Number of protein chains: 2
Amino acid sequence: MLDGNAVRSVDRAASLLIALGESQGEAGVTELARRLGLHKSTASRLLATLQKRGLVEQDDDSGKYRLGLAVVRLGGHAERTLDLRSIAMTELETLARSIKETTTLETLEGDTALTIAYSDASGMGRDRSGRSSPLHATAPGKVLLANLPEREVIRLSKVGFTPYTSHTIVRIDLLLEELARVRKRGFATAFGEFEPSVNAISVPVYDQRTSVVAALEVRASGNRILPSRVPELVERARDAAAVITDRIGGVAASL
Amino acid sequence: MLDGNAVRSVDRAASLLIALGESQGEAGVTELARRLGLHKSTASRLLATLQKRGLVEQDDDSGKYRLGLAVVRLGGHAERTLDLRSIAMTELETLARSIKETTTLETLEGDTALTIAYSDASGMGRDRSGRSSPLHATAPGKVLLANLPEREVIRLSKVGFTPYTSHTIVRIDLLLEELARVRKRGFATAFGEFEPSVNAISVPVYDQRTSVVAALEVRASGNRILPSRVPELVERARDAAAVITDRIGGVAASL
DNA sequence: TACGTCGTTCCGCTGGACGGGACGCGAAAT
DNA sequence: ATTTCGCGTCCCGTCCAGCGGAACGACGTA
């Protein structure tokens, strides 16, 4: 047993998969063996075993190996069960401490936004995740709406938009305009639209395919978030969102 | 060396990954060991090795394992390098033989549709893949356009739409209407719009996340595809597209 | 408090995995 | 056209990695 408690041949096989993931499409036995410091008969045998389970496949013509369909399926499943909260938590805490405001991560849950991660500036406040909030009246809600098909927004309008404050957008035409702005600018704001004294900005968090999986929010009570401060907060939020996307394994798309 | 030339511990580790993919989110050491007929110390050791490479992760509270971030990344990479043509070829050939028409699979390539797989009714005609055709004047082109943001369609209209025949749609307003119909019906038709005597229908092929990765086309010369025959061909094409999606590892979305 | 189950760790044993070398094949060089 | 080279696969003797069994600590339940 080498390397702590790792099973050597499994560790080698895993390295082969990861090396294939890092290569441009495909690689040969000899090349992979060289890259990983393995004997080519060892690499060949390990690859043949991975191929048996569909984790790799071999091109009939060139003899080179690439990742197989079973990896696509496992990847899809892994993404569905991913613990986005754990992935994002460190970044939210770091951002909250450095800008001295509350940060949250919201995902779409039916017709609402769900807080899946939360951090206040002290990093020691009580966990307020698990809460729902409306889509039309919050900054992350607008980010999530902006990335839905327009017919979904129209469907929601038929249920009606609750006017939480005098600033809440309740007319469908004005909301659609606002969502167009969100798409154009790549971030959303909400000034006293859900809670009278709460201002917030939000940016999208992408998975590795430029799909929006969450909205990252910076929020504050009182007049701590004024329009003049928005550009700085948006930039900081985007940086944090890009780190989260990178952890998921993607490349942050620019809106 | 058991089971042909497979490396036993690698085969076992791969089985663990696949079992995790088949489970609802996560599973424990003892459960996985039972399911695969392994000793639990063996399962524990193999899982620890997979965890070391990020292929699985263990929940801190429950001790259960789930697929890890490295699998999400590998899955994304595998999808990008997937050989869609090989996956789809059997289905295209089967469909072509059974309906006695030519079938193709088209993907978006810049501003055109690219034939990545082709089969005629005999299954023995020469391979006509690798060819490009216009988006606005072909059935698969319309399917691909219908799944792009509208601003992409408008951008294309600025280049202009070549009138290949007297039936080609060249006005942007008429094309947008046609694309709305495609989205609504879930399939596209083209009657002599690119080549005067060629009629075709096309349906979307999804990956596992309801993204359209290709358009499957049934085409014929002369009057073999009349409007009365469209429903049957669309149904057959959808069935073939669903098989392809299932092979990729997804669930076909109903439009 | 006692019991059962889980996941982890340790250890002796042995057969599975290894590297070395040979081989056939196809492409490149001559 | 022939020769050379590199690739991937296969075979085989060797040896230590991986195995199962047992014990242990932790945790949840009765």
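Values below: all heavy atoms of this structure, side chains included; hydrogens, waters and symmetry mates excluded. Bear in mind the structure is a predicted one, so any value in this text is a computation, not a measurement. Naming convention: chains lettered A, B, ... in sequence-line order (proteins, then strands); numbering from 1 in each chain.
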> Which residue pairs pass the ring-ring contact (aromatic ring centres under 6.0 Å, His included) test when at least one of the two sits in residues 102-129 of chain A, sequence neighbours left out?
Replying inline: none
> Can you tell me how far P of C/dA17 sits from CG of B/Leu46, to the nearest Å?
Replying inline: 11 Å
> For the side chain of A/Arg8, counting heavy atoms from C-beta on, which of D/dC19, D/dG20, D/dG18 is nearest?
Replying inline: D/dG18
>> Side-chain N or O of B/Tyr65 versus OP1/OP2 of C/dT8: is the shortest distance under 4.0 Å?
In response: yes
> What parts of residues 29-41 of chain B reach DNA chain C, counting only heavy atoms under 4.0 Å away?
Replying inline: B/Val29, B/Thr30, B/Arg34, B/Lys40, B/Ser41
> Donor-acceptor pair, A/His77 side chain versus B/Ile18 backbone, under 3.5 Å?
Replying inline: no
>> If the threshold is 4.0 Å, N to carboxylate O, is there a salt bridge linking B/Glu101 and B/Arg219?
In response: no
>> Give me each pair satisfying ring-ring contact (aromatic ring centres under 6.0 Å, His included) with a member in residues 21-52 of chain B, each pair once, sequence neighbours excluded.
In response: none
> When the distance from NZ of B/Lys64 to P of D/dA26 is rounded to whole Å, what number comes out?
Replying inline: 20 Å
> When you check the phosphate oxygens OP1 and OP2 of D/dA17, does a side-chain N or O of A/Arg12 lie under 4.0 Å from one of them?
Replying inline: no
> So does B/Arg45 get a side-chain nitrogen or oxygen closer than 4.0 Å to the phosphate oxygens (OP1/OP2) of D/dG18?
Replying inline: no
>> Between the side chains of B/Lys64 and B/Glu26, is the shortest nitrogen-to-carboxylate-oxygen separation below 4.0 Å, so that they form an ion pair?
In response: no
>> Can you tell whether the side chains of A/Arg97 and A/Glu93 come within less than 4.0 Å, N to carboxylate O?
In response: no
> Can a side chain N or O of B/Ser44 be found less than 4.0 Å away from OP1 or OP2 on C/dT8?
Replying inline: yes
> DNA chain D: A/Gln58 or A/Ser9, which has the more 5' nearest nucleotide?
Replying inline: A/Gln58
